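For reference, the structure discussed in these notes is given below.
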Amino acid sequence: MKNFVIAIDGPAGAGKSTVAKIVAEKLGFLYIDTGAMYRALTLKAMKKNIDFGNKEELIKMAENTELKLYQDAKYRVIMDGEDVSEEIRKEEVSRNTHYVASIFEIREILWKMQRKFRENSNIVMEGRDIGSKVFPDAQLKIYLDASVEERAKRRYLQLKEKGEIADIEEIKKEVIERDKKDRNRKIAPLVKLPDAVYLDTTNLTIQEVVEKIINLYHQKLNSSG
Ligand code: DC
């Protein structure tokens, strides 16, 4: 099968990136993190001091941005020739991404870029609207979920590992807030699609989730002859 798409959607902290990267590696597929693209545009707006209420400016900025995602020893995001892979992960960027993500014209620009990745490759793409908007015809759609408590705990452990002080209750509040923004926005909200396989990872290891997805992929291949 050519140009196979495994679309992985779900809320923040469900383990999408970790799982998607391993699945892509095991299958020899290209891995694309669409959240990184929304983050990169947010970072650029912050650096240019563009008011997040100024839609016109934000759209103009997005139209004039070159984004490249590629992989050497690690996954890199290059914006206008500069490696922003680390910077886009900052908390401040996470907090502001919803402004950019709720502008239709900006999503259209990114959708176009995202669809191009399929032209020459099989891909694993993760985000919020991959199965619903980017590739409604994806051969395999996964909705990855986990309880709010579990997602807050994972985030807490991540921060602790980085040596950052974190308050689990505070993190839980942020997780709930981010879910609300992802699910309730008018443009391309996070939805559980009827044709997506729902995987609750709360009590599963990364390895178990990866295996489930790879099995589903093989089932799809077999059933399509
Ligand atoms: O997956 P992430 O946390 O890196 O995503 C960052 C932000 O971008 C988050 O606020 C949701 C948004 N996003 C989106 O609206 N659509 C996508 N396909 C991916 C991410």
Side-chain angles (χ1 to χ4, degrees), residues 1-41 67-79 84-85 88-89 94 97 101 107 109-146 151 154 158 182 188-202 204-224:
M1 206 182 280
K2 272 192 82 183
N3 311 99
F4 199 102
V5 177
I6 302 181
I8 305 186
D9 291 300
K16 296 188 299 294
S17 301
T18 312
V19 164
K21 272 183 205 163
I22 303 175
V23 169
E25 206 171 304
K26 283 192 184 260
L27 297 177
F29 282 24
L30 188 67
Y31 161 68
I32 302 293
D33 168 10
T34 59
M37 302 168 94
Y38 291 93
R39 287 172 178 274
L41 292 182
L67 276 179
K68 284 190 188 151
L69 302 189
Y70 76 89
Q71 186 184 350
D72 45 26
K74 60 182 271 238
Y75 296 91
R76 290 179 195 281
V77 183
I78 311 292
M79 180 165 59
V84 293
S85 319
I88 58 167
R89 301 290 155 200
S94 306
T97 326
R107 296 198 80 94
I109 293 169
L110 294 184
W111 286 339
K112 220 164 146 189
M113 288 186 202
Q114 289 158 10
R115 290 184 188 122
K116 272 200 166 298
F117 289 110
R118 187 192 202 174
E119 287 175 5
N120 304 307
S121 310
N122 296 319
I123 58 176
V124 179
M125 187 174 278
E126 60 138 315
R128 306 292 189 286
D129 60 345
I130 312 308
S132 61
K133 298 288 180 193
V134 185
F135 295 120
D137 64 337
Q139 291 89 335
L140 177 58
K141 298 181 186 180
I142 308 282
Y143 186 97
L144 220 57
D145 207 354
R151 290 188 283 128
R154 289 176 190 171
Q158 255 177 9
D182 278 342
L190 171 65
V191 284
K192 288 180 199 159
L193 297 167
D195 59 343
V197 178
Y198 181 84
L199 285 181
D200 185 341
T201 72
T202 307
L204 296 176
T205 63
I206 292 165
Q207 202 45 44
E208 285 169 329
V209 182
V210 167
E211 267 165 35
K212 277 182 193 288
I213 297 176
I214 290 186
N215 284 340
L216 287 164
Y217 165 70
H218 287 302
Q219 278 171 26
K220 287 277 172 191
L221 275 191
N222 292 336
S223 67
S224 70

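When reading the values below, keep in mind they use all heavy atoms of this one structure, side chains included, and skip hydrogens, waters and symmetry mates. Everything quoted here is computed from the prediction, not taken from an experiment.
- Between the side chain of S223 and the backbone N or O of K220, at least one donor-acceptor pair lies under 3.5 Å.
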May I have the step-by-step check of side chain to side chain contact (heavy atoms under 4.5 Å, CB included) for I88 and M79, ending in yes or no? CA-CA 11 Å; I88 58 167; M79 180 165 59; 5.8 Å; no
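- Scanning both residues, K141 and P136, for their nearest heavy atoms gives NZ-O, 2.7 Å.
- Side-chain contact between M113 and I109 is present, with at least one heavy-atom pair separated by less than 4.5 Å.
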Evaluate the side chain to side chain contact (heavy atoms under 4.5 Å, CB included) criterion for residues I6 and V23: first the C-alpha distance (whole Å), next the side-chain angles of each, then the deciding distance (0.1 Å), finally the verdict. CA-CA 9 Å; I6 302 181; V23 169; 4.2 Å; yes
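- Using modelled atom types, one finds no donor on one side chain facing an acceptor on the other under 3.5 Å when comparing R154 with T18.
- Although no hydrogens or angles enter the test, the distance criterion places a donor-acceptor pair under 3.5 Å between the side chain of R151 and the main chain of A146.
- Across D145 and P11, no two heavy atoms sit closer than the pair OD1-CG, 3.5 Å.
- Residues Y143 and V191 fail the side-chain proximity criterion, which asks for heavy atoms closer than 4.5 Å.
- The shortest side-chain heavy-atom distance between L41 and L110 falls under the 4.5 Å cut-off.
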Under 3.5 Å, which donor-acceptor pairs link side chains of residues 209-216 to any protein atom two or more places apart or in another chain?
{"unit_1": "N215", "atom_1": "ND2", "unit_2": "E211", "atom_2": "O", "d": "3.4"}

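- Distance check, rounded to the nearest 0.5 Å: CZ of R107 to CG of D129 gives 4.0 Å.
- Between the NZ atom of K133 and the CD atom of Q114 there is a distance of 13.0 Å, given to the nearest 0.5 Å.
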Tell me, with the steps shown, if L69 and D33 meet side chain to side chain contact (heavy atoms under 4.5 Å, CB included). CA-CA 8 Å; L69 302 189; D33 168 10; 5.6 Å; no
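- To the nearest 0.5 Å, the span separating CG on L140 from CD on Q219 amounts to 9.5 Å.
- Donor-acceptor pairing under 3.5 Å is lacking for the side chains of Y217 and Q139.
- Looking at V134 and T34, their side chains never come closer than 4.5 Å, going by heavy atoms from C-beta outward.
- Scanning both residues, G10 and R128, for their nearest heavy atoms gives O-CD, 3.3 Å.
- Taken from CZ in R118 to CG in L30, the straight-line distance is 13.0 Å, to the nearest 0.5 Å.
- Note on residues 112-135: no pairs pass ring pair (Phe, Tyr, Trp, His ring centres under 6.0 Å), not counting sequence neighbours.
- Looking at every heavy atom in both residues, T97 comes nearest to S94 through OG1-O, 3.3 Å.
- Among residues at least two apart or in separate chains, there is no salt bridge (charged side-chain N to carboxylate O under 4.0 Å, His left out) pair with a member in residues 6-23.
- The two atoms that bring G131 and L193 nearest to each other are C-CD1, 3.4 Å, heavy atoms only.
- In plain terms, the two heavy atoms of A14 and T201 that are nearest each other are O-OG1, 3.3 Å.
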Can you list the steps and then say if N3 with E119 is a side chain to side chain contact (heavy atoms under 4.5 Å, CB included)? CA-CA 7 Å; N3 311 99; E119 287 175 5; 5.7 Å; no
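- Using the six-membered ring where Trp is involved, Y75 and Y31 have ring planes that are perpendicular, over 60° apart on the 30 and 60° scheme.
- If you take CG on L221 and CZ on F4, they are separated by 5.5 Å, rounding to the nearest 0.5 Å.
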